Visitor: 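Take a look at this one; I'll ask things after.
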There are 2 protein chains.
Amino acid sequence: MSKKITIYDIAKELNITAATVSRALNNNPKISKVTRQLVADTAAKMNYKQNKLALALKSGKSYNVGVIVPRLDSNFFASVIRGIEEELHPYGYHVIICQTRDDKNLEIENIDALLNAQVDGILMSISNVSTEQNESFERILKKNVPLIFFDRKANIDGVSTVTINDFQGAYEATKHLIAQGCKRIAHLSNNRLIEIFRDRYLGYKQAILDSGLEFDESIVIEAISNVEDGRKITKSLLELDNPPDAIFSSSDFTALGAIQEIKAHGLKIPEDICVAGFANEPFTKFMELAITSVDQSPLEMGKMTAKVFIEQINKKEIVKIEKKVVLNPKLIIRESSLKKQH
Amino acid sequence: MSKKITIYDIAKELNITAATVSRALNNNPKISKVTRQLVADTAAKMNYKQNKLALALKSGKSYNVGVIVPRLDSNFFASVIRGIEEELHPYGYHVIICQTRDDKNLEIENIDALLNAQVDGILMSISNVSTEQNESFERILKKNVPLIFFDRKANIDGVSTVTINDFQGAYEATKHLIAQGCKRIAHLSNNRLIEIFRDRYLGYKQAILDSGLEFDESIVIEAISNVEDGRKITKSLLELDNPPDAIFSSSDFTALGAIQEIKAHGLKIPEDICVAGFANEPFTKFMELAITSVDQSPLEMGKMTAKVFIEQINKKEIVKIEKKVVLNPKLIIRESSLKKQH
DNA sequence: CTGTTAGCGCATTCAT
DNA sequence: ATGAATGCGCTAACAG
């Protein structure tokens with residue numbers, strides 16, 4: 001194990017002080033060109049590497065940001081994180097990732113751990129809503145650590161957010177289904193305590209009302225975001241006396257389950273029933289019967305979240321700043337909802 | 001902004017020394033029950049939080065590990081990272097993620113940055129092979145920082161690896177195609193300087209030779225791992241005078257491209273041509289025509305990689321230890337290669 | 001059982 | 001332009 005080289009070692013080598021070495025390395029203008037060069041050369045020769053930990057302790061900046069997501073192995077979150085990493089990399093920031101698995105205790109634990117690790121900011125998508133977390137959020141803000149929510153947000157003073165317009169996405173998707181001639185559109189929803197799901201529900205509802213169709217709350221059903229639940233609920237819908245002629249799902253996975261179940265019932269898509277999902281997961285375009293979905297541009301969301309963080313860091317004022325960025329969703333129309341000539 | 005509370009603050013409050021506070025907080029047995037309790041109480045009251053940065057500088061352990069992958073938004077890598085995070089979380093380790101985007105300069109840069117940040121270990125999947133990186137790897141080892149490769153490895157002394165048996169996976173997939181009656185199996189390969197792709201190629205080749213079939217190098221073609229390249233190359237294969245009756249692809253994405261192209265040519269799968277991929281990406285099972293693929297159990301790979309790291313950390317010896325874990329692949333047979341009654 | 005001292009590696013204020 | 005001294009927050013060796 002090669003011994004660690006510090007600025008003291010290179011100071012000793014040159015018979016100068018560590019302070020001078022530090023200044024030279026940091027391009028302090030008060031240092032003469034010669035010593036600066038000398039220091040640079042011997043630093044390189046001795047293979048010196050700055051210990052960021054010491055710097056962090058001294059400066060109070062760790063150059064680490066914490067990113068908290070419900071889970072990593074979903075294309076959406078992975079893409080957001082990719083965006084964050086790519087945007088932050090040029091600034092020298094590193095990304096520490098935490099998963100909550102939708103467990104609010106884990107969320108609180110992660111926040112505390114990140115705070116103790118002295119991260120310079122926390123970017124997160126909340127997993128749940130409860131008053132306990134609000135205390136955690138307050139703790140972050142009290143420490144003057146920038147907190148930014150992306151996608152799944154809570155409404156808290158002083159917290160910036162980056163989201164897509166979920167209402168709009170759902171509204172457009174539903175309007176599209178209506179334009180295809182669908183008159184009885186069911187909605188596979190999700191936990192509406194979470195804002196994005198509530199907004200999607202509201203957008204769906206508004207589109208129906210705006211079109212003069214009958215709104216039937218009984219065909220709005222809460223589902224867990226997976227294929228099995230999509231199938232199960234769709235089965236119950238198809239068995240109704242008055243089954244729907246379209247399904248708008250707040251998740252691509254439940255939409256897929258719906259499609260499988262519809263086919264199992266011998267019905268045709270999109271002729272008999274149209275289906276649209278939400279998130280534009282990669283598989284939706286790979287399917288034989290490609291699935292209509294709402295794209296959330298996760299990469300851009302990640303980059304934007306990082307940008308907001310950088311802005312926040314650069315503000316000198318102690319004033320609480322908050323910025324609400326709302327990205328536009330893009331409806332991607334595919335076979336699952338596109339009727340030929342109607 | 002609430003002022004930061006240190007052990008000095010709580011020491012002053014109690015008219016004792018910071019050292020005593022530190023000891024009490026760390027449950028040092030030499031501290032009396034009363035003071036320990038007193039310290040604990042006032043710490044809680046004053047809302048004290050340990051500064052991990054100071055601890056890290058002092059102890060030389062940052063409790064951060066760096067994870068370097070080519071990209072984040074692939075289900076495989078995201079799942080591996082999930083496994084790493086979940087396994088490491090109970091030990092108090094945090095995961096810093098870096099992407100190389102298959103750029104070796106970025107890879108080297110990331111390694112240096114992680115080293116400067118004093119990570120306790122580096123877990124990575126290499127993006128390329130070149131002598132320049134070897135210097136980086138040497139730098140890691142010289143600092144006595146555990147280095148563990150997963151999936152895409154290089155063969156370096158003192159470095160542990162966690163991989164799946166790619167040869168075996170490819171061998172079984174090819175054998176399966178042969179068992180379906182296929183006699184002329186093409187292989188969509190990938191950069192064979194990377195060991196996993198070379199091994200898949202070799203497994204494929206061995207299966208053909210072991211079965212007494214003719215091995216034809218001209219239908220082994222290197223592709224980039226995406227749908228477009230899969231289509232393009234498959235097109236050229238189908239236009240041969242002597243087209244293949246099966247395609248074994250080292251990537252699910254090229255396998256999907258192959259399927260699309262085969263259908264576009266009016267051929268039937270699996271009746272006319274069988275197709276198998278590699279990686280068991282989620283979409284392979286979602287497809288209408290589900291794709292046969294080789295599962296790499298990424299979650300387990302991640303957990304295992306983390307376990308090997310923990311083991312390595314706990315070894316007291318300075319001796320270089322290396323462990324080579326090889327996980328078993330699982331062939332998942334689906335419609336794209338399963339002929340009915342032949 | 002507790003206080004004193006010192007050091008992890010760095011940057012910075014105050015000298016000169 | 002450079003040196004000396006100090007502190008970031010913590011733990012550990014050495015005293016007592």
Side-chain angles (χ1 to χ4, degrees), chain A residues 1-40 42-43 46-64 92 115-120 143-144, chain B residues 1-40 42-43 46-64 92 115-120 143-144:
Chain A
M1 157 126 149
S2 63
K3 210 200 145 302
K4 245 167 223 162
I5 305 288
T6 74
I7 50 173
Y8 285 93
D9 297 316
I10 117 162
K12 197 177 295 171
E13 182 80 9
L14 294 175
N15 282 319
I16 55 177
T17 340
T20 307
V21 176
S22 170
R23 282 187 273 247
L25 257 18
N26 289 299
N27 287 317
N28 185 315
K30 297 186 166 185
I31 294 292
S32 71
K33 274 212 184 300
V34 272
T35 47
R36 190 205 313 275
Q37 192 57 48
L38 204 57
V39 168
T42 50
M46 297 178 75
N47 199 25
Y48 166 79
K49 300 287 176 192
Q50 190 189 45
N51 183 333
K52 298 283 183 194
L53 230 47
L55 179 56
L57 178 60
K58 173 73 181 160
S59 68
K61 287 195 68 171
S62 66
Y63 275 95
N64 283 149
L115 248 23
N116 295 347
Q118 311 295 120
V119 292
D120 294 345
K143 293 206 171 199
N144 229 18
Chain B
M1 157 128 147
S2 63
K3 208 198 144 306
K4 242 167 226 162
I5 306 288
T6 74
I7 50 173
Y8 285 93
D9 298 316
I10 115 160
K12 197 179 295 172
E13 182 80 9
L14 293 176
N15 282 319
I16 54 177
T17 341
T20 307
V21 175
S22 170
R23 282 187 274 247
L25 256 19
N26 289 299
N27 287 319
N28 185 315
K30 297 185 165 188
I31 295 292
S32 72
K33 273 213 183 300
V34 271
T35 47
R36 190 206 313 276
Q37 192 58 47
L38 204 57
V39 168
T42 49
M46 298 178 74
N47 200 25
Y48 165 78
K49 299 286 176 193
Q50 189 189 46
N51 185 333
K52 297 282 182 194
L53 230 46
L55 179 56
L57 179 59
K58 173 72 180 160
S59 68
K61 288 196 68 172
S62 66
Y63 275 95
N64 283 150
L115 249 22
N116 294 161
Q118 312 294 120
V119 292
D120 294 344
K143 292 207 173 198
N144 228 18

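Only a predicted model underlies this, so the values are computations on that prediction, with no experimental measurement involved. Each chain gets a letter, A, B and so on, in the order the sequences are listed, and its residues count up from 1.
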Visitor: Mind listing the side-chain donor-acceptor pairs of residues 19-28 of chain A below 3.5 Å, one per line with the distance, residues two or more places apart or on another chain?
Guide:
residue	atom	partner	partner atom	Å
A/Asn26	ND2	A/Ser22	O	2.7
A/Asn28	OD1	A/Lys30	N	2.9

Visitor: Using only side-chain N and O atoms of A/Thr20, determine if any of them is under 4.0 Å from OP1 or OP2 of D/dG3.
Guide: yes
Visitor: Mind calculating the distance between CD1 (B/Ile7) and P (D/dC8) to the nearest angstrom?
Guide: 12 Å
Visitor: Angle between the two end axes of the helix from C/dC1-D/dG16 to C/dT16-D/dA1, five base pairs per end, rounded to 10 degrees?
Guide: 50°
Visitor: Does any donor-acceptor pair link the side chain of B/Tyr8 with the base of D/dC8 at a separation under 3.5 Å?
Guide: no
Visitor: With heavy atoms under 4.0 Å as the rule, sort A/Ser32 into base, sugar-phosphate or nothing.
Guide: sugar-phosphate
Visitor: Grab the N/O contacts between the protein and nucleotides 13-16 of chain D below 3.5 Å, and write none if there aren't any.
Guide:
residue	atom	partner	partner atom	Å
D/dA13	N6	B/Arg23	NH1	3.0

Visitor: Rounded to the nearest 0.5 Å, what's the gap from CE on A/Met46 to CD1 on A/Ile5? Could you check?
Guide: 4.5 Å
Visitor: For A/Ile16 and D/dA4, give me the distance from atom CD1 to atom P, rounded to whole Å.
Guide: 12 Å
Visitor: In residues 48-60 of chain A, what residues come within less than 4.0 Å of DNA chain D, judged by heavy atoms?
Guide: A/Leu57, A/Lys58
Visitor: When rounded to the nearest 0.5 angstrom, what is the spacing between OG1 in A/Thr6 and NZ in A/Lys12?
Guide: 8.0 Å
Visitor: Just to be sure I understand the rule, does A/Thr6 reach a base, reach only the sugar-phosphate, or reach nothing, if contact means heavy atoms closer than 4.0 Å?
Guide: sugar-phosphate
Visitor: So where does chain B start and stop touching DNA chain C, 5' to 3', when the test is distance under 4.0 Å to a non-hydrogen atom?
Guide: C/dC1 to C/dG9
Visitor: Under the side chain to side chain contact (heavy atoms under 4.5 Å, CB included) rule, what do B/Val39 and B/Ile31 come out as? Steps first, then yes or no, please.
Guide: CA-CA 10 Å; B/Val39 168; B/Ile31 295 292; over 6 Å; no
Visitor: Could I get the full list of side chain to side chain contact (heavy atoms under 4.5 Å, CB included) partners for B/Gln37, not counting sequence neighbours?
Guide: B/Asp41
Visitor: Quickly work out the B/Asp9 CG to D/dC8 P distance and round it to whole Å.
Guide: 10 Å
Visitor: Partners of A/Leu38 by side chain to side chain contact (heavy atoms under 4.5 Å, CB included), sequence neighbours excluded?
Guide: A/Leu14
Visitor: For residues 47-63 of chain B, tabulate all N or O donor-acceptor pairs below 3.5 Å that involve a side-chain atom, not counting sequence neighbours.
Guide:
residue	atom	partner	partner atom	Å
B/Gln50	OE1	B/Lys52	NZ	3.0
B/Asn51	OD1	B/Leu53	N	2.8
B/Asn51	OD1	B/Ala54	N	3.3
B/Ser59	OG	B/Leu55	O	2.8
B/Ser59	OG	B/Lys61	N	3.1
B/Lys61	NZ	B/Tyr93	OH	3.0
B/Ser62	OG	B/Asn64	N	3.2
B/Ser62	OG	B/Gln118	O	2.8
B/Ser62	OG	B/Asp120	OD1	3.4

Visitor: Find the distance B/Asn28:CG to D/dC10:P and express it as a whole number of Å.
Guide: 16 Å
Visitor: For a quick test of reading the model, state the closest non-hydrogen atom pair linking A/Ala11 to A/Ala18 and the distance between them.
Guide: CB-N, 3.6 Å
Visitor: How long is the line joining CG of B/Asn26 and P of D/dC10, in whole Å?
Guide: 10 Å
Visitor: Nearest-nucleotide wise, let me know which of A/Ala18 and B/Arg36 is further upstream toward the 5' end of DNA chain C.
Guide: B/Arg36
Visitor: To check you understand the geometry: which heavy-atom pair defines the closest contact between A/Lys143 and A/Leu115, and what is its length?
Guide: CD-CG, 4.0 Å
Visitor: Just the rounded figure in Å: distance from P of D/dG9 to NZ of A/Lys143.
Guide: 11 Å
